[in-house]
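One structure is given below, encoded as structure tokens.
The structure presented is a predicted model; accordingly, all values stated were derived computationally and were not measured. The figures here come from the full heavy-atom set of this structure, side chains too, leaving out hydrogens, waters and symmetry mates. Naming convention: chains lettered A, B, ... in sequence-line order (proteins, then strands); numbering from 1 in each chain.
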Number of protein chains: 2
Amino acid sequence: MRQDNRMPRVLHALLHLDQMTGPATSDLLAGMLNTNAAVVRRTMAGLRDQGFVTSTKGHGGGWVLAKPLSEITLAGIYDALGAPKLFALGCGNEESHCLMEQAANAATAEALRVASETFLSALSAITMADLARDYETRMKELGLNPDDYRFDASKIP
Amino acid sequence: MRQDNRMPRVLHALLHLDQMTGPATSDLLAGMLNTNAAVVRRTMAGLRDQGFVTSTKGHGGGWVLAKPLSEITLAGIYDALGAPKLFALGCGNEESHCLMEQAANAATAEALRVASETFLSALSAITMADLARDYETRMKELGLNPDDYRFDASKIP
DNA sequence: AATCATGTATCATTACAAGTTACATGATTC
DNA sequence: GAATCATGTAACTTGTAATGATACATGATT
């Protein structure tokens, strides 16, 4: 199974959006995320539907953050992505006639359930503002000033 | 990504093995698991290497449980399967130069880490004997007697 | 009217568990 | 010791879902 990297990718995109003084086009974001504009549109669609970002067409259009980072939890983003399948491990076919298979599946399912609960509660406890703080810490550790890295996409030559 | 169902499948197989009075061939197990003999051999190979089961060739050969179920934890089985990738979600590429991407990936990775910890500790707390008890409970709920369902594969016509 | 940017559909690519086939090797039976 | 049974293992195909890529319609701006 190939890995689903939409979650970290979207988090990354939001951090960049927060730093922009103007709208970012899908192409610009695609460059930052090392991917394709169509992928950006597809992935961000859910966030737009949930009101985390807005997108506008035409000249000077693009993606803009619609809420302060502190009001966006990672759990909200996960939901906005459609709560994608978390596990590569399955718990078998729930419609089994074999009672042993039922017992085996139930045990696996229960372990997955508690893990998923932990995952979701970890996501609920983190906001994008926490990530932004982490980013700034990383900047300062390198002796850089985050303010120097803000920019207006419309000023790109 | 396609789901990895080796875990529940192996648990299922072990419950059946426990109930057999003689060795079970890969073909017999494959029938019980609705799969293929080659898949059974491939999947059980790890369990054999870890000493949970033995396999013998030739007439009357097959798979036999090598330990009491109470000494087999689900965590041990997960390891024996090679600790397969648990998540369908990725946490991005760890080798990123972008500090925002690093922050995004780290947050995702941390949520996955705690979830994985919960998963593994849930698996450690369960033994195959617990599953066997669950199976017997399910039997009794249907008014059946588990003892009537033990059988010797060599007696199959 | 021309250009820019999103929205969306479609097809190709990739990764990996699982299904499948084939055959060598070793154990048992006669 | 030849036939048969069963595992061990390699090689190939299949199924599936995210991702990459391309194309085009639609709406906004200049």
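Close to C:dT6, at under 4.0 Å from its OP1 or OP2, lies no side-chain N or O of A:Thr25. Proximity of B:Arg41 to the phosphate of C:dT25: no side-chain N or O atom is located under 4.0 Å from OP1 or OP2. Between B:Ser26 and the phosphate of D:dT7, there is a side-chain N or O to OP1/OP2 separation shorter than 4.0 Å.
Each of B:Ala38 and B:Thr43 was assigned the nucleotide of DNA chain C with the nearest heavy atom; the assignment lying further toward the 5' end belongs to B:Thr43. With the nearest nucleotide of DNA chain D identified for both B:Ala37 and A:Arg9, B:Ala37 has the one nearer the 5' end. Each of B:Thr35 and B:Thr56 lies near DNA chain C, and the nucleotide nearest B:Thr35 is the one positioned closer to the 5' end.
When rounded to the nearest whole Å, the span between CG of A:Leu28 and C1' of C:dC4 equals 14 Å. Nucleotide D:dT16 holds its P atom 12 Å from the CD atom of B:Gln3, rounded to whole Å. Between the P atom of C:dT6 and the CE atom of A:Met44 lies a distance of 10 Å, rounded to the nearest Å. Rounded to whole angstrom, the span from the CZ atom of B:Arg48 across to the C1' atom of D:dG8 amounts to 7 Å. A straight line from CG of B:Asn34 to P of C:dA17 spans 21 Å, rounded to a whole angstrom. In this structure, B:Asp49 places its CG atom 8 Å from P of D:dT9, rounding to the nearest Å. Note: CG (A:Leu89) to C1' (C:dA18) measures 14 Å, nearest angstrom. If you take CG of B:Leu81 and C1' of C:dA17, they are 13 Å apart, rounded to a whole angstrom.
Listed here is the closest heavy atom pair of A:Ala24 and A:Leu28: CB-CD2, 4.0 Å. Of all the heavy atoms in A:Leu81 and A:Thr43, the pair that sits closest is CD2-O, 3.7 Å.
With hydrogens and angles ignored, a donor-acceptor pair under 3.5 angstrom links the side chain of B:Arg42 to the base of C:dG19.
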From CA spacing to verdict: side-chain contact (heavy atoms from CB on, under 4.5 Å), B:Val39, B:Arg42: CA-CA 5 Å; B:Val39 173; B:Arg42 201 158 49 191; 3.7 Å; yes
Candidate pair B:Met32 and A:Met100, rule side-chain contact (heavy atoms from CB on, under 4.5 Å), full reasoning: CA-CA 10 Å; B:Met32 292 166 158; A:Met100 294 192 184; over 6 Å; no
From CA spacing to verdict: side-chain contact (heavy atoms from CB on, under 4.5 Å), A:Asp18, A:Met128: CA-CA 10 Å; A:Asp18 182 52; A:Met128 286 305 302; over 6 Å; no
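The residues A:Glu110 and A:Arg113 are annotated as salt-bridged, a charged nitrogen and a carboxylate oxygen being separated by less than 4.0 angstrom.
When atom types are taken as modelled, the side chain of B:Asp4 and the backbone of A:Leu89 share no donor-acceptor pair closer than 3.5 angstrom. The closest donor-acceptor contact from the side chain of B:Asp79 to the backbone of B:Gly76 lies at 3.5 Å or more, if one exists at all.
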DNA chain D base-pair string [pairs: Watson-Crick or G-U under 3.5 Å; |: paired with another strand]: ||||||||||||||||||||||||||||||
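Not counting sequence neighbours, the partners of B:Lys67 by the side-chain contact (heavy atoms from CB on, under 4.5 Å) test are B:Phe52, B:Glu71, B:Ile72.
The B:Val39 side chain lies nearest to C:dT20 when the options are C:dA17, C:dT20, D:dG20. In the set C:dT6, D:dA18, C:dT20, the nucleotide with an atom closest to the side chain of B:Asn36 is C:dT20.
Between B:Phe119 and B:Tyr78, the ring-plane angle classifies as perpendicular under the 30° and 60° cut-offs.
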Would you tabulate the nitrogen or oxygen pairs shorter than 3.5 Å linking the protein to nucleotides 28-30 of chain C?
none

